[in-house]
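Since the structure comes first, as structure tokens, the remarks are kept for the end.
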Amino acid sequence: MVDQLPNRGRETEMLSQMGFKSMEDLFADIPAEVRFKGDLPLRGPQSEEEILSDARRLLGANLALGSRPSFLGAGLYRNYVPASVFQLVTRGEFLTAYTPYQPEVSQGMLQAMWEFQTLISELVGLPIANLSLYDGSTAAAEALTCAVRVHNRKASQPNTVYVSALTPPDKRSVMENYCQGAEIDIRTLEHNPDGTLNLEALKEAAGSCGVYVEQPNPLGVLDEGLTAVKEIVGEHTALIVGVQPVSLGVVEAPGHYGADIVVGEGQPLGSPVTGGGPLYGIFACTQPYLRLMPGRIVGRSIDVDGKEAYCLTLSTREQHIRRHRATSNICTNETLIALMGAMHMALLGPDGLRELAQRNMQACQRAKEILSETPGVRLVHPSAHFNEFAIQVTGNAEACLAYLDANGITGGFNLASWYPDLTDQILVTTTDQTSLSDIEALAAQLALWTTHQEVSA
Amino acid sequence: MVDQLPNRGRETEMLSQMGFKSMEDLFADIPAEVRFKGDLPLRGPQSEEEILSDARRLLGANLALGSRPSFLGAGLYRNYVPASVFQLVTRGEFLTAYTPYQPEVSQGMLQAMWEFQTLISELVGLPIANLSLYDGSTAAAEALTCAVRVHNRKASQPNTVYVSALTPPDKRSVMENYCQGAEIDIRTLEHNPDGTLNLEALKEAAGSCGVYVEQPNPLGVLDEGLTAVKEIVGEHTALIVGVQPVSLGVVEAPGHYGADIVVGEGQPLGSPVTGGGPLYGIFACTQPYLRLMPGRIVGRSIDVDGKEAYCLTLSTREQHIRRHRATSNICTNETLIALMGAMHMALLGPDGLRELAQRNMQACQRAKEILSETPGVRLVHPSAHFNEFAIQVTGNAEACLAYLDANGITGGFNLASWYPDLTDQILVTTTDQTSLSDIEALAAQLALWTTHQEVSA
Amino acid sequence: MSHLFGHNGAENTGYSQPEGLACATKPVVPAGLVRQQPARWPRLSEPEMVRHYTWLSKRNFGIDTGFYPLGSCTMKHNPRVNEVIAQLPGIADIHPHQPEHHLQGLLSIYYEMQHMLEVCAGMDQVTLQPVAGAQGEFTAVRCIQEYFRLRGETQRTKVIVPDSAHGTNPASAAMAGFEIVEIPSRADGRIDLDALAAVADETTAAMMITNPNTLGLFEADISAASEIVHQAGGQMYYDGANFNAILGITSPGLMGFDAVHFNLHKTFSQPHGGGGPGSGPIGVKAHLAPFLPGPLAARREATPEERTMAVDEHWYHWHQPEHSIGKIQQWHGNAGAVIRCWAYYRRYGNGLTTMSQHAVLNANYLRHAIHREAKDAGVDHLFVDGAETEVAKHEFTLSMQPAKDALGISAMDVAKGLLDRGYMAPTVYFPLVVPECMMIEPTETESKDTLDTFAKHFVQVLKCDPETLHEAPITTPVRRVDEVYAARNLCLRHPFEDA
Amino acid sequence: MSHLFGHNGAENTGYSQPEGLACATKPVVPAGLVRQQPARWPRLSEPEMVRHYTWLSKRNFGIDTGFYPLGSCTMKHNPRVNEVIAQLPGIADIHPHQPEHHLQGLLSIYYEMQHMLEVCAGMDQVTLQPVAGAQGEFTAVRCIQEYFRLRGETQRTKVIVPDSAHGTNPASAAMAGFEIVEIPSRADGRIDLDALAAVADETTAAMMITNPNTLGLFEADISAASEIVHQAGGQMYYDGANFNAILGITSPGLMGFDAVHFNLHKTFSQPHGGGGPGSGPIGVKAHLAPFLPGPLAARREATPEERTMAVDEHWYHWHQPEHSIGKIQQWHGNAGAVIRCWAYYRRYGNGLTTMSQHAVLNANYLRHAIHREAKDAGVDHLFVDGAETEVAKHEFTLSMQPAKDALGISAMDVAKGLLDRGYMAPTVYFPLVVPECMMIEPTETESKDTLDTFAKHFVQVLKCDPETLHEAPITTPVRRVDEVYAARNLCLRHPFEDA
Ligand SMILES: Cc1ncc(COP(=O)(O)O)c(C=O)c1O
Ligand SMILES: Cc1ncc(COP(=O)(O)O)c(C=O)c1O
């Protein structure tokens with residue numbers, strides 16, 4: 001504590017210069033009836049050493065994914081992030097800056113975010129990207145309200161959006177929370193048994209304000225059918241596609257098959273999983289959405305000498321100018337994590353991204369190959385996957401996962417937590433960090449599990 | 001590899017601009033008879049990921065001191081180094097700079113080193129400090145040759161220096177190597193059974209070029225007698241004191257009891273033990289030694305506008321100017337580690353240093369208290385210690401240490417490796433990082449060891 | 001200039017990768033989904049990348065660079081060990097969907113943070129899920145909304161905010177579907193109880209306010225305000241952006257609030273990172289607790305079996321509130337930010353009161369020093385206090401209106417003059433109720449010397465020739481940036497065509 | 001200016017510590033040894049300390065800041081993962097006196113590095129103990145000395161060095177007690193075999209030379225030189241500072257050398273840290289191996305019991321050479337630096353040849369580009385090559401003598417002009433044999449674009465008005481520093497009296 005307060009020991013001197021006698025004088029304006037009595041009932045201060053040692057002990061009690069074979073993804077993905085990213089992003093000039101309100105002394109972050117916008121724009125194939133939202137779920141939710149703002153006037157189904165039935169309930173819940181204020185009706189888009197979007201049922205969504213689908217979808221399926229969606233829903237319905245950004249090294253950019261808005265969880269590019277946050281939300285769109293979209297955006301400009309310079313722009317959409325008529329309430333966002341994303345993207349380059357995507361896909365393919373030959377395991381969807389896929393196991397998925405866990409494997413995601421009917425399905429995720437021996441260990445334990453089930457059955 | 005070479009793929013373009021056809025053309029001047037045939041017989045290149053994973057595996061096979069109770073010191077000490085030190089010292093501007101030959105763009109490191117000189121000068125109580133030598137051993141060795149350069153003319157024992165008999169043989173060996181070129185005779189100063197310097201025997205050293213003693217000495221003993229040494233050896237004999245810098249938070253600075261040169265291993269301030277390097281050597285002295293001392297030194301100056309500015313000075317002592325008549329051959333030194341030292345010292349401040357010294361001493365005292373009551377363990381020296389002390393164990397020290405090791409304790413330093421006669425003594429080191437439970441674990445295992453010895457005896 | 005998209009010479013990547021796993025059959029992307037054109041990302045080697053971002057960083061100002069008196073933002077020092085802690089695999093490499101027995105450390109830290117914030121705020125239940133202050137506001141307002149829905153009070157469609165409120169307050173309430181009622185402040189900058197009484201009625205869902213308010217003034221009438229709102233059946237919402245001023249001295253609970261958000265990135269020093277990430281937990285009184293987004297960290301005594309995996313005598317687990325509004329972020333909030341703030345909290349513990357005292361000490365001292373220096377230099381007529389007050393809290397406002405009137409020097413001119421002197425500028429033009437406002441918050445981590453020197457420089461700026469000042473800044477990487485040009489000539493990404 | 005010793009206001013420490021262990025009796029320092037006056041160290045809080053050193057860093061130029069063509073110093077990019085690796089507890093938190101079974105990882109890496117350097121240098125045994133190039137020189141010369149002592153050739157008291165040698169060569173040999181014989185270079189910058197033959201005799205202990213030499217020229221006559229020295233019974237010593245040019249293409253062993261030092265901090269990219277740390281291993285032919293300082297890493301097949309602790313099928317252990325000169329550093333050398341260099345090596349593996357090729361490519365390309373730009377701009381008469389050569393190796397020299405003669409522009413003026421353009425200056429006035437020398441080494445980690453732009457700027461500088469150039473630099477944190485003033489008014493520490 002003392003080491004954080006440069007004026008410890010100078011209090012009296014400072015107070016007396018102001019004509020005060022004690023600290024108490026500085027709080028004379030706070031009425032007695034609202035004053036705390038006594039000390040805060042909290043533990044005493046600790047030194048840096050003690051905090052670090054407690055942190056090591058407590059966080060050491062968490063089981064790090066990397067400490068054993070792990071197949072848990074379902075929206076967050078462990079890719080290797082090069083060392084330079086961490087070392088550069090923690091430079092004090094980036095780490096300890098506020099939002100760049102004074103562009104003259106914030107050119108570094110402003111230019112980096114403008115470059116980030118370009119990187120994302122290129123990645124998803126849309127002309128405009130903002131400098132990030134909180135995460136993939138709020139980006140998706142804000143995309144829905146944005147779509148309604150843009151299309152409500154011309155839509156034949158005003159105040160209505162359609163969302164893929166596969167959307168994880170936690171994400172859907174965020175959407176509901178964000179949409180209810182504007183009284184938006186969120187309807188559901190059905191899927192085929194093979195995991196792809198039901199294009200027949202989709203027709204119902206034509207004329208609504210927007211449809212939300214994911215590519216790859218939450219079951220890991222690469223759905224070629226999505227390239228037909230825009231045509232079906234029509235000009236006045238926003239096609240919003242949620243992406244796993246790494247997949248775009250090999251998978252077509254949604255902007256190239258008609259997406260109006262692309263959102264996604266940026267985390268796999270640049271950031272560790274970090275218990276689910278901080279992350280960064282990708283938000284990109286076409287021209288018509290620009291002035292009604294949420295979030296900050298940087299523009300390239302000039303200074304009074306005509307020199308290239310960057311600044312925040314289109315602020316009139318934002319809460320600090322437009323207050324309750326703002327396009328979003330976002331203020332603090334995820335700039336630093338987006339910066340990590342930009343650094344990772346800059347390091348990868350187009351070839352590196354393709355390789356990274358391929359490594360993810362190869363690990364997935366290998367896992368599919370091995371698990372398809374594992375007794376008692378069935379691949380649920382015959383289709384192409386990016387880096388995750390559903391398997392059906394013998395018996396109950398929850399029990400199976402507990403078994404794997406007890407045998408040193410973090411086995412994947414229990415799909416029943418999303419889709420309560422699917423009590424025997426597990427979403428298995430691989431990334432560039434998955435090794436062959438990880439997969440073999442999983443297969444071996446699943447085979448044993450099957451045997452146990454058969455024996456007890 | 002590819003990620004380190006920005007011109008991969010542009011070779012032909014660059015070569016052809018120069019009028020060359022192939023890389024081979026660039027090496028046409030190397031005669032065939034000295035050319036390598038074929039590829040280097042080495043393993044193939046690895047990616048960052050693979051290197052990191054191999055490093056984790058290999059270095060993970062080392063047993064980190066902090067992973068269990070450890071009492072190994074004997075010249076290198078584990079103090080806690082605050083996190084800010086590592087984060088600041090790895091800023092690229094410090095990390096990736098060369099020696100500050102162009103002062104206009106190197107003011108940061110120059111000023112930091114000038115401040116380092118001040119910090120060391122204040123710490124040891126001498127007016128001059130250079131900006132570090134390789135380590136404590138070379139600093140001690142260079143102090144001897146420096147003393148001879150300064151005093152040889154007036155000394156009644158020219159070309160002769162005296163060194164404490166306790167000096168660790170590895171350090172003494174460095175001294176021998178550094179001294180033999182100047183044909184310096186290194187003689188030995190005897191010690192009393194209680195570990196203190198034999199002041200009677202010391203008289204023999206009067207009139208030599210220098211005497212080298214340590215405070216605390218290699219047995220951890222704080223030797224009050226050293227305050228009498230300068231008087232005994234006289235004006236024309238350099239008193240060189242080797243220090244453990246942390247001790248100077250509570251122990252008198254040698255400059256205040258007559259030391260002409262103070263040297264020491266800087267590591268405990270600012271740096272982890274790091275397998276014994278990189279470290280930094282402290283070298284400080286009085287005025288008469290200035291122009292004959294080794295190593296770089298920074299002076300405060302002005303620029304052409306009269307602005308405060310720093311630069312390397314007194315370079316005419318150095319090899320790049322004086323070549324074979326230089327006061328030392330040192331060129332690359334340990335600036336960055338010295339910078340870590342400066343940062344740690346700046347964070348500590350005078351009170352912090354005192355506290356750190358006290359914590360070291362308290363741990364030592366507590367260990368002495370507990371071990372003095374441990375069956376079969378005897379404290380060898382009754383005297384005051386700073387942070388280490390010798391114990392006598394039942395039976396053979398080497399076997400005892402092996403026993404402790406097998407029971408999860410890194411038990412201290414086998415004094416027989418320094419002093420072959422002492423087959424049953426262990427140097428036990430404590431630092432600010434030693435906990436009560438560490439000490440209790442040591443005592444418990446030593447008690448068990450004693451029991452085993454008694455049983456088998 | 002260093003341009004990311006300028007580096008396009010060679011076929012580089014900055015990061016060579018190992019081979020992927022060998023497969024029996026090559027994985028294929030469905031034909032219609034094969035990427036046709038790769039993203040036009042740059043091709044940089046690692047050295048080029050490192051130099052580019054180092055260069056960029058040198059064109060950015062952070063707390064580490066210099067004094068950052070940005071009012072309302074609490075730009076305090078970010079303790080460095082917190083970054084070390086946040087990179088430990090036990091936080092960096094964990095997944096929110098791991099089972100509870102994998103996450104006992106995280107859960108216990110969540111529990112400790114919830115508890116600490118509850119104590120400090122005088123609230124009954126805290127959730128750490130919101131990832132920023134604005135999201136916290138939105139979350140709390142949503143809870144209030146559901147609370148009234150469940151009670152059948154659906155007529156409560158309005159939220160009252162003072163005109164000095166931060167923009168996120170009305171924006172968040174509006175996003176939840178509320179109508180905004182803005183009430184004017186009194187001439188002395190404080191809440192106008194009469195104006196409040198006039199609008200508070202059975203349509204009032206809540207009033208949102210921060211105390212000390214955005215002028216840095218403590219609202220001494222806060223209990224009365226709470227009384228009025230509660231009388232009308234509404235809820236009191238506390239914007240915790242200014243919590244740094246009152247921690248351990250008073251609390252929203254004591255002042256009668258029902259809900260509060262914290263800006264952990266302000267009060268508890270999660271680094272701002274040039275705009276984020278943050279963390280915006282909310283705390284509520286018991287009646288609102290069932291509506292919080294889940295899951296919350298909870299605990300019970302550990303069973304003997306659990307003790308082998310437990311971090312202490314408790315077993316920590318997730319808990320879903322009964323009438324939860326659901327999720328406002330897909331996972332458990334910004335866990336990485338929460339950890340840093342936990343490390344920050346641990347450094348102060350029950351000494352958080354001292355932190356607030358020093359924040360207020362520094363603010364008052366700086367205010368005093370500026371006035372004193374200005375008087376000595378004869379420029380004290382160029383500004384007035386944004387609100388008359390004997391003691392400010394953690395920040396204070398100055399109005400540059402006199403300078404504007406007398407010399408044409410605006411608050412913006414002064415701000416840019418300060419940039420030239422190596423300072424980040426204070427917040428300008430907020431709150432709107434103070435004409436030509438400069439809002440100054442030094443925080444507790446600045447030394448007296450820094451404050452004294454800043455006061456001198458502030459006065460130096462005021463003594464500048466107005467013409468010179470209109471030209472400021474001149475020493476920064478770029479000079480005044482043309483924001484109108486930016487908006488008129490939108491260039492939001494690299495135009496590859498030009499390249 | 002930020003002054004460390006200026007922060008003296010409050011009773012701070014930047015780092016609060018936990019209580020020490022409780023003792024039965026308080027530990028005491030003997031009365032006569034109690035410190036009377038504490039060191040007048042500053043009292044900074046953590047925020048002040050962080051800001052001070054951040055400020056200092058911004059006044060320093062490193063590779064990360066910009067192009068650093070410092071000849072002879074091989075200022076290549078330092079891969080960032082190496083810093084991560086060097087902070088792992090398995091290297092940061094190990095003690096050299098731990099038993100071998102605690103250090104199998106370290107030992108195996110030492111073994112691998114020794115082997116790799118042996119292969120690359122064509123030597124039989126390497127030791128990693130010397131902590132810098134100069135210490136490596138001294139160590140090798142000491143080994144040679146003991147070698148001759150053991151053989152009874154004590155009359156070999158002389159070491160031959162070319163006049164273009166680096167200062168450490170004669171300094172190291174002199175420190176070991178040798179007499180230095182300097183021989184002049186030929187007009188073309190290369191070794192003068194006649195001059196060598198004239199001095200090589202039975203008093204010659206060794207000749208020290210680097211190849212490519214300090215002018216960046218490959219000494220094609222090197223085998224002949226080795227022959228002459230060996231004929232005279234002397235040893236050939238290779239200064240490895242320029243190893244970056246020839247790795248995998250030729251080797252000191254092939255050229256007939258008996259001993260060599262490596263500057264790992266150059267060729268293998270241990271960051272230079274503003275002056276150090278470095279690592280200066282040496283390699284020797286078999287006849288010198290018994291004299292090396294110990295211990296060396298060695299290995300044998302692991303026993304079944306050892307296999308449980310081993311990192312591979314070997315058991316690694318320390319080994320003491322028979323006639324070892326003893327120690328030249330107290331421990332095992334700069335282990336932390338060795339680890340970084342190991343990580344660097346692993347990135348290239350047998351591709352190290354490509355590294356050298358690109359180093360040479362870049363040097364020749366830059367030389368070409370400078371000449372081309374200068375010709376186009378009509379200023380090619382202002383400098384000449386330091387030595388005529390068709391192809392340089394990893395660096396090249398230019399003589400600014402014509403500029404000096406024609407316009408009074410010195411190499412130093414050009415250097416300072418380059419600083420103003422955002423570059424680190426090349427090495428100047430070394431080697432001494434080239435008048436007004438600029439020694440330029442781009443390294444392989446610089447892009448063609450950087451080299452092209454540098455060439456343009458170099459020519460821009462030459463086109464400057466001489467008066468303007470004498471004033472350079474003007475954009476740096478300080479302008480030309482008065483080194484004479486520094487030497488005449490020695491101020492080597494903070495003068496507290498002034499404060
Ligand atoms: C008074 C006030 N309220 C709310 C907020 C919003 O918080 P956040 O930026 O974390 O969303 C801020 C942040 O600037 C603020 O100053
Ligand atoms: C040619 C040459 N030899 C030797 C050395 C000395 O190496 P070090 O600085 O590592 O002691 C250098 C370093 O600058 C050098 O350039």
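Numbers restart at 1 for each chain; the letters A, B, ... are given by sequence-line order, proteins then strands.
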Closest-packed option against chain D by number of heavy-atom pairs under 4.5 Å, given [options]:
options: B/M1, B/H324, B/E104, B/R323; answer: B/E104
options: B/N62, B/I128, B/L119; answer: B/N62
options: B/S383, B/G275, B/S106; answer: B/G275
options: B/T138, B/T227, B/D39, B/L314; answer: B/L314
options: B/K171, B/E176, B/R322, B/K307; answer: B/K171
options: B/I302, B/L5, B/D351; answer: B/I302

Name the region of [X], side chain, backbone, both or neither, that has any atom closer than 4.5 Å to a heavy atom of chain B.
X: D/L88; result: side chain
X: D/S108; result: side chain
X: D/D482; result: both
X: D/I180; result: side chain
X: D/I328; result: both
X: D/I109; result: side chain
X: D/V478; result: both
X: D/H368; result: side chain
X: D/I339; result: side chain
X: D/R142; result: side chain
X: D/Q87; result: side chain
X: D/Y15; result: both
X: D/T25; result: both
X: D/A31; result: both

Please determine which of B/Q365, B/R359, B/R366 meets the side-chain contact (heavy atoms from CB on, under 4.5 Å) test together with D/L21.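 Running side-chain contact (heavy atoms from CB on, under 4.5 Å) over B/Q365, B/R359, B/R366 with D/L21 returns exactly one hit, B/R366.
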
Sub-3.5 Å donor-acceptor pair from the side chain of [X] to the main-chain atoms of [Y], do we have one?
X: B/Q319; Y: B/A326; answer: no
X: B/S173; Y: B/D170; answer: no
X: B/N333; Y: B/Y134; answer: no
X: B/E224; Y: D/G32; answer: yes

Among [options], who wins on heavy-atom pairs under 4.5 Å with chain B?
options: D/Q37, D/H77, D/K416; value: D/K416
options: D/Y348, D/F61, D/W55; value: D/Y348
options: D/G90, D/A171, D/G273, D/G349; value: D/G273
options: D/N362, D/T65, D/L352; value: D/N362
options: D/L217, D/L247, D/V81, D/L70; value: D/V81
options: D/A92, D/A335, D/G333; value: D/A92

Can you confirm whether the side chains of D/E137 and D/S172 place a donor and an acceptor under 3.5 Å from each other?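 A donor-acceptor contact under 3.5 Å links the two side chains.
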
Residues D/R346 and B/Q46: side-chain donor-acceptor under 3.5 angstrom: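 Distance-only check passes for D/R346 and B/Q46.
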
Does the gap between the ring centers of B/F413 and D/H97 come in under 6.0 Å?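 Here the rings of D/H97 and B/F413 have centres that are less than 6.0 Å from each other.
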
Give a yes or no on this: more than 12 heavy atoms of other residues, nucleotides or ligands lie within 6.0 Å of atom CD of B/E33.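 Atom CD in B/E33 is packed in, count exceeds 12.
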
Candidate pair B/E13 and D/K448, rule salt bridge (Lys or Arg N to Asp or Glu O under 4.0 Å), full reasoning: CA-CA 10 Å; B/E13 178 189 353; D/K448 176 177 176 297; 3.8 Å; yes

Specify whether D/F138 and B/Y178 have parallel, tilted or perpendicular ring planes, treating 30° as the upper limit for parallel and 60° as the lower limit for perpendicular.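 If you compare the ring of D/F138 with that of B/Y178, the planes turn out tilted.
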
Determine the interplanar angle of the B/Y98 and B/Y101 rings, folded into 0 to 90°, and report it as parallel if under 30°, tilted if 30 to 60°, perpendicular if over 60°.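 Ring orientation of B/Y98 relative to B/Y101: tilted.
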
Which bit of B/M23 is near chain D, if near means a heavy-atom gap under 4.5 Å: side chain, backbone, both or neither?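 Side chain of B/M23 only, per the 4.5 Å heavy-atom cut-off to chain D.
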
Nearest heavy-atom pair of B/M109 and D/G274: which atoms, and what distance?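 For B/M109 versus D/G274, the nearest heavy atoms are CE-CA, 3.9 Å.
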
So B/E93 and D/K58, salt bridge (Lys or Arg N to Asp or Glu O under 4.0 Å) or not? Walk me through it. CA-CA 7 Å; B/E93 296 90 334; D/K58 291 166 74 90; over 6 Å; no

Can you list the residues that meet the side-chain hydrogen bond (donor to acceptor under 3.5 Å, both in side chains) rule with B/S137, with sequence neighbours excluded?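 B/D135.
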
